[in-house]
2 protein chains.
Amino acid sequence: MSTVRGVRQPTIKEVASRAGVSPMTVSRTLAGGRNVRPDVQERVMAAVRELGYYRNENARSLRPGQPSGLIGVAITNLANPYYGNFALGVEEVAAEHGRRIILGNTGEDDARERQLVSDFIGRQVDGLILVPTSGDAAHLRPERLGEVPLVLASRRVPGLDADTVLLDDVGGAYRGTAALLDAGHTRIGFLGNRSSVFTGERRYRGYERAMTERGVPVDPAIVARDQQDVDAASRAARAMFDLADPPTAVFSANNRNTIGAMREIGRRLRDGVPGPRPAVVSFDDFELSELMPVPVTIIDHDARLLGREAATLLFSRLDGSAEGPARTVELPVSIESP
Amino acid sequence: MSTVRGVRQPTIKEVASRAGVSPMTVSRTLAGGRNVRPDVQERVMAAVRELGYYRNENARSLRPGQPSGLIGVAITNLANPYYGNFALGVEEVAAEHGRRIILGNTGEDDARERQLVSDFIGRQVDGLILVPTSGDAAHLRPERLGEVPLVLASRRVPGLDADTVLLDDVGGAYRGTAALLDAGHTRIGFLGNRSSVFTGERRYRGYERAMTERGVPVDPAIVARDQQDVDAASRAARAMFDLADPPTAVFSANNRNTIGAMREIGRRLRDGVPGPRPAVVSFDDFELSELMPVPVTIIDHDARLLGREAATLLFSRLDGSAEGPARTVELPVSIESP
DNA sequence: CCCGATGTTGGTAACGTTACCAACCGCGAG
DNA sequence: CTCGCGGTTGGTAACGTTACCAACATCGGG
């Protein structure tokens, strides 16, 4: 940490002496003014305005039992609009409860997550909301976190029992795949994340269940499960479509894979590559999907709502309205046919 | 089996007594261990691990001159990927300097911005980074902020002299419009924000300059400057294209207007509406632009870099390497023809 | 063997705030 | 006129931490 010029804000004492009262009277006035004469309150508020005084929140939260008013939020990738919306939802609910959020980006890095959580605890956060990097759970155990409540979002951590907010990944993937099967497709490819990614695994399970329930075998040749970014997804789609026996439809488990697949489909059409024009089901919405050259079904959801739900769960622990074992909220997803 | 209940965070005193030393020795050990015997350090670290101790950062920053390690960041709309990337850039540089960010969303609301800034100051932030809502500047004046340095991003505040990071809005819009003129277009529409939005005004100026420099008159009938969201942009594009004398090309001043225009263009093609297929220049990139049914030129830039630049400017003030009058950094934009 | 230098450790005070208690005021009831 | 009560105000201590200084141990050189 680099050196910093000292930040000299006026203190409560300076306000007090300017208003001709004691610091206690200033404190009482700022706390609502109970049992302070109206004319004294006015003098105090005038001094506050004149000096540009702000209460030192860090000093306030020093006394035990006092909340810091901060919620620690760690997400995996702020550049992804999904997590931006998620963070927005958390911020909204936090603001409704008079709290601020401290935000950290983990970049899917376990070490960074541990570092962020330590720092959040050190800053006396009132609660933690985390999109876990699915590493180990040691630093998230209650004995490490003390009394700080924790809510997991989007993913679970193996072996950790905590309040969790999830999407209906399995159900959404199941219904999306079923829609393709209902439309007569039997050769349906899968594009998604590897199984160590919690949502990747769940969405694959939904796909697999729909296929096997209808007696359609899953062909590993048209299942690609290791694409994290658009370029990798594009390459995986290309390999799949280049097969002698390419899929007639594709289930894409997330936004990144859908965009990659679309790029490859667009390229083939521009270059006049022969072959089927696959139907696509995408878990995650994307803009201008209606302008795509192939029919796209969207499994849609609201990341902002997910964030709101996570924060609501957290505050229900903070205000004591919820006690007992960890709860899981699974938000529904909607399906929009082209 | 009993649930592991969270416990109060241990203090430095408890660590000290467990390690059989004084709090000062614990403090010294955690501060790097200068002048502490190695075996004592080990005892202390063992106690720290056993008790799960974290330094109380709020208490640390209580002594004057000590930085809080927090940077206050207020942006207008976290749901917009542009600002998500911006926040990511700020977070990255802050993390490189061992700082965390407190994030607030203003939603373009002046009152909310004032409230956020007050709270940030009250939390003793070491610096502020703000995408201003372009309201008045009273709460951002140095006499209100004390010694807390401020960096504005994307926009200026009228009458406020502060470090600022901008895009080359005028130049980008000029070059984008010029590209259309070079391609032979003379009837070029404009879609953008109203002039009270800082970037809206600057981008219009670039468009206007390119037009007048080449002696092409600006026709108010094909200039629409009051669309904040996709639906409004779509309606404005529709009205423009429905004219007896519609534009053959469109300059769109931001992402939201581009998406709206694209929706309308796609609708007309689907519905077989007669008329020209306008070329489009878009200030802001968007995904799958290469799949659009009309040629799209992108004026691209890197919001994450903008965030990094803003944070770099802030830290140059914090570590004293930059002094003197307010500086403005204008980041270049690139043009990608279809 | 002593002395100063160096390394190690602990006590005290202070950062800004507020809970708690004590002191004081004015007013109405007895 | 006194007493007591409620409303108002101020003093003190404490929250967890670290800068500063004092105290003590150890060691090498004279």
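A note on names: the letters A, B, ... follow the listed sequences, proteins ahead of strands, and every chain is numbered from 1.
Using a 4.5 Å heavy-atom threshold, the side chains of B:Val148 and A:Gln9 count as touching. Annotation: side chain of B:Ile71 is not in contact with side chain of B:His97 (no heavy-atom distance under 4.5 Å). Using a 4.5 Å heavy-atom threshold, the side chains of A:Tyr82 and A:Ile75 count as separate. Within the 4.5 Å cutoff, the side chain of A:Ile121 has heavy atoms near those of the A:Val117 side chain.
Taking the charged nitrogens against the carboxylate oxygens, B:Glu113 and B:Arg155 have no contact shorter than 4.0 Å, which rules out a salt bridge.
Two residues, B:Arg63 and A:Ala31, neighbour DNA chain C, and the one matched to the more 5' nucleotide by heavy-atom proximity is B:Arg63.
When DNA chain C is scanned 5' to 3' for any atom under 4.0 Å from a heavy atom of chain A, the first and last hits are C:dG16 to C:dC20.
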Exercise for the section: Show the numbers, then the answer: is there a side chain to side chain contact (heavy atoms under 4.5 Å, CB included) between B:Leu30 and B:Met45? Expected result: CA-CA 8 Å; B:Leu30 263 37; B:Met45 293 314 290; 4.0 Å; yes
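Backbone-only contact: A:Asn56 has heavy atoms under 4.0 Å from sugar-phosphate atoms and none from a base.
Across A:Pro23 and A:Ala16, no two heavy atoms sit closer than the pair N-CB, 3.5 Å.
For DNA chain C, the neighbouring residues in residues 19-29 of chain B, judged by any heavy atom under 4.0 Å, are B:Val21, B:Ser22, B:Met24, B:Thr25, B:Arg28.
Residues satisfying the side chain to side chain contact (heavy atoms under 4.5 Å, CB included) test with A:Arg114, not counting sequence neighbours, are A:Asp110, A:Ala111, A:Asp136, A:His139.
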